Amino acid sequence: KNIIISRYGITGDKVEVVYNGVERNGNGLNFGKIDIKKDEKIVLFLGRITMQKGPEYFLGAAKKVLEVMDDVKFVMVGSGDMMRRTVELAAELGIGSKVLFTGFLRGEDVRRVYEMADLYVMPSVSEPFGIAPLEALNHDVPVLISKQSGVSEVLTHVLKADFWDINEIANKIVAVLKYPPLRMTLKEHGNFEVRKLKWEDAAAKCLAIYNQLVCEPVYV
């Protein structure tokens with residue numbers, strides 16, 4: 001909404017926001033072939049590997065985390081125009097062996113990677129909404145998102161940080177991985193919260209907006 005107002009000169013009373021929903025949960029991916037040990041924690045990045053999603057901030061925070069914790073793997077799921085640069089950056093930071101790139105996944109593979117994750121991180125630089133955090137919560141995965149994402153406006157029981165603050169992101173990752181009570185609280189409250197975000201409600205709000213517009217008098 002703020003982007004539309006600032007860039008297109010539209011007044012706020014002409015813009016309505018309808019937030020996304022998520023489908024409830026109703027054996028493709030095989031991590032046995034890659035080096036993840038049973039006692040290792042998994043921090044997940046799932047989304048397009050593009051400037052918008054902030055992959056370089058994810059890796060910057062990963063390096064900070066690995067300076068104090070060794071039993072962690074960072075899994076990056078997705079593809080995009082920054083894929084090659086992101087792989088190179090992981091190597092330049094000296095954490096290449098701790099970062100796994102799966103490429104684009106869909107369906108059952110996505111479900112399985114969520115089930116393995118201890119934390120989902122979305123350090124988006126610019127994100128109108130961001131559906132993946134809802135999917136993560138729907139799979140009982142704690143979530144850390146950037147304050148700059150649209151979804152941060154509707155989620156309360158998640159951790160938030162500025163996308164550029166890799167120290168704060170790293171500190172919150174470590175807190176979730178080291179303190180099971182925090183992880184469990186985020187999982188339980190987050191899953192309860194996401195149940196209230198339904199596509200049916202989003203559709204009903206859109207319909208109400210259209211009906212309001214149709215019923216408003218037209219002045220010539």
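Only heavy atoms go into these numbers, but all of them, side chains included; no hydrogens, no water, no symmetry mates. Model, not experiment: these values are computed from the prediction.
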Using only atom types and a distance under 3.5 Å, with no angle test, would you say the side chain of Asp118 pairs donor to acceptor with the backbone of Ile42? yes
Sequence neighbours excluded, the answer for side-chain hydrogen bond (donor to acceptor under 3.5 Å, both in side chains) partners of Ser6 is none
Notebook entry, point to check: Does the Lys98 side chain pair with the main chain of Asp70, one donor and one acceptor, at a distance under 3.5 Å?
Noted result: yes
Correct closest heavy-atom pair for Val143 and Pro133 would be CG2-O, 3.7 Å
Applying side-chain contact (heavy atoms from CB on, under 4.5 Å) to Leu93 and not counting sequence neighbours gives Leu59, Lys63, Leu89, Ile95
By salt bridge (charged side-chain N to carboxylate O under 4.0 Å, His left out), Glu16 pairs with (sequence neighbours left out) none
Quick note, salt bridge (charged side-chain N to carboxylate O under 4.0 Å, His left out) partners involving residues 154-170, not counting sequence neighbours, are Glu168-Lys172
So Val99 and Val87, do their side chains get closer than 4.5 Å, heavy atoms only? no
Those residues at least two apart in sequence (or on a different chain) that pass side-chain contact (heavy atoms from CB on, under 4.5 Å) with Thr156 are Glu193
The side-chain contact (heavy atoms from CB on, under 4.5 Å) partners of Ala175 (sequence neighbours excluded) come to Tyr179, Leu182
**OP:** Would you mind reporting whether Met116 and Lys73 have side-chain heavy atoms less than 4.5 Å apart?
**Re:** no
One should read off an interatomic distance between Met76 CE and Met83 CE, to the nearest 0.5 angstrom, of 8.0 Å
Here the pair of heavy atoms bringing Lys178 nearest to Val68 is NZ-O, 4.4 Å
Taking Lys64 first and then Glu67, would you say they form a salt bridge - that is, a charged N and a carboxylate O separated by under 4.0 Å?
no
Those residues at least two apart in sequence (or on a different chain) that pass side-chain hydrogen bond (donor to acceptor under 3.5 Å, both in side chains) with Asn211 are none
Joint hydrophobic cluster, Met82 plus Ile169, side-chain heavy atoms closer than 4.5 Å
yes
Here the pair of heavy atoms bringing Asp39 nearest to Asp71 is O-OD2, 3.9 Å
- Verify the cluster assignment for Leu155 and Phe163: are they in a single hydrophobic cluster under the rule of side-chain heavy atoms below 4.5 Å apart? no
Residue pair Val77 / Val110, side-chain heavy-atom distance below 4.5 Å: no
Those residues at least two apart in sequence (or on a different chain) that pass side-chain hydrogen bond (donor to acceptor under 3.5 Å, both in side chains) with Arg84 are Glu88
Asp81 meets the salt bridge (charged side-chain N to carboxylate O under 4.0 Å, His left out) criterion, sequence neighbours left out, with none
Sorted by chain and residue number, the salt bridge (charged side-chain N to carboxylate O under 4.0 Å, His left out) partners of Glu92 (sequence neighbours excluded) come out as Arg85
Q. Would you say Thr102 and Val113 make side-chain contact, with heavy atoms under 4.5 Å?
A. no
Heavy-atom closest pair (Thr50 atom, Pro55 atom, distance to 0.1 Å) is O-CD, 3.0 Å
- request: Taking the side chain as every heavy atom from C-beta outward, state whether Val72 and Leu66 have any atom pair closer than 4.5 Å.
  value: yes
Set out, in order, the CA-CA distance, both residues' side-chain angles and the distance that settles side chain to side chain contact (heavy atoms under 4.5 Å, CB included) for Ile209 and Val18, then state yes or no.
CA-CA 10 Å; Ile209 293 170; Val18 179; 3.8 Å; yes
Neighbour count above 12 (heavy atom, 6.0 Å) for Met51 CE
no
Check your understanding: Is the closest side-chain heavy-atom distance between Leu159 and Val176 below 4.5 Å?
Key -> yes
Would you be so kind as to tabulate the donor-acceptor pairs closer than 3.5 Å made by side chains of residues 120-129, with sequence neighbours excluded?
from   : atom 1 : to     : atom 2 : distance (Å)
Tyr120 : OH     : Leu46  : O      : 3.0
Ser124 : OG     : Glu127 : OE1    : 2.8
Glu127 : OE1    : Lys53  : NZ     : 2.9
Glu127 : OE2    : Lys53  : NZ     : 3.1

Residues pairing under ring pair (Phe, Tyr, Trp, His ring centres under 6.0 Å) where one sits in residues 84-116, two or more places apart or in two chains, turn out to be Tyr114-His139
Notebook entry, point to check: Going by heavy atoms in the side chains, are Val151 and Val158 under 4.5 Å from each other?
Noted result: no
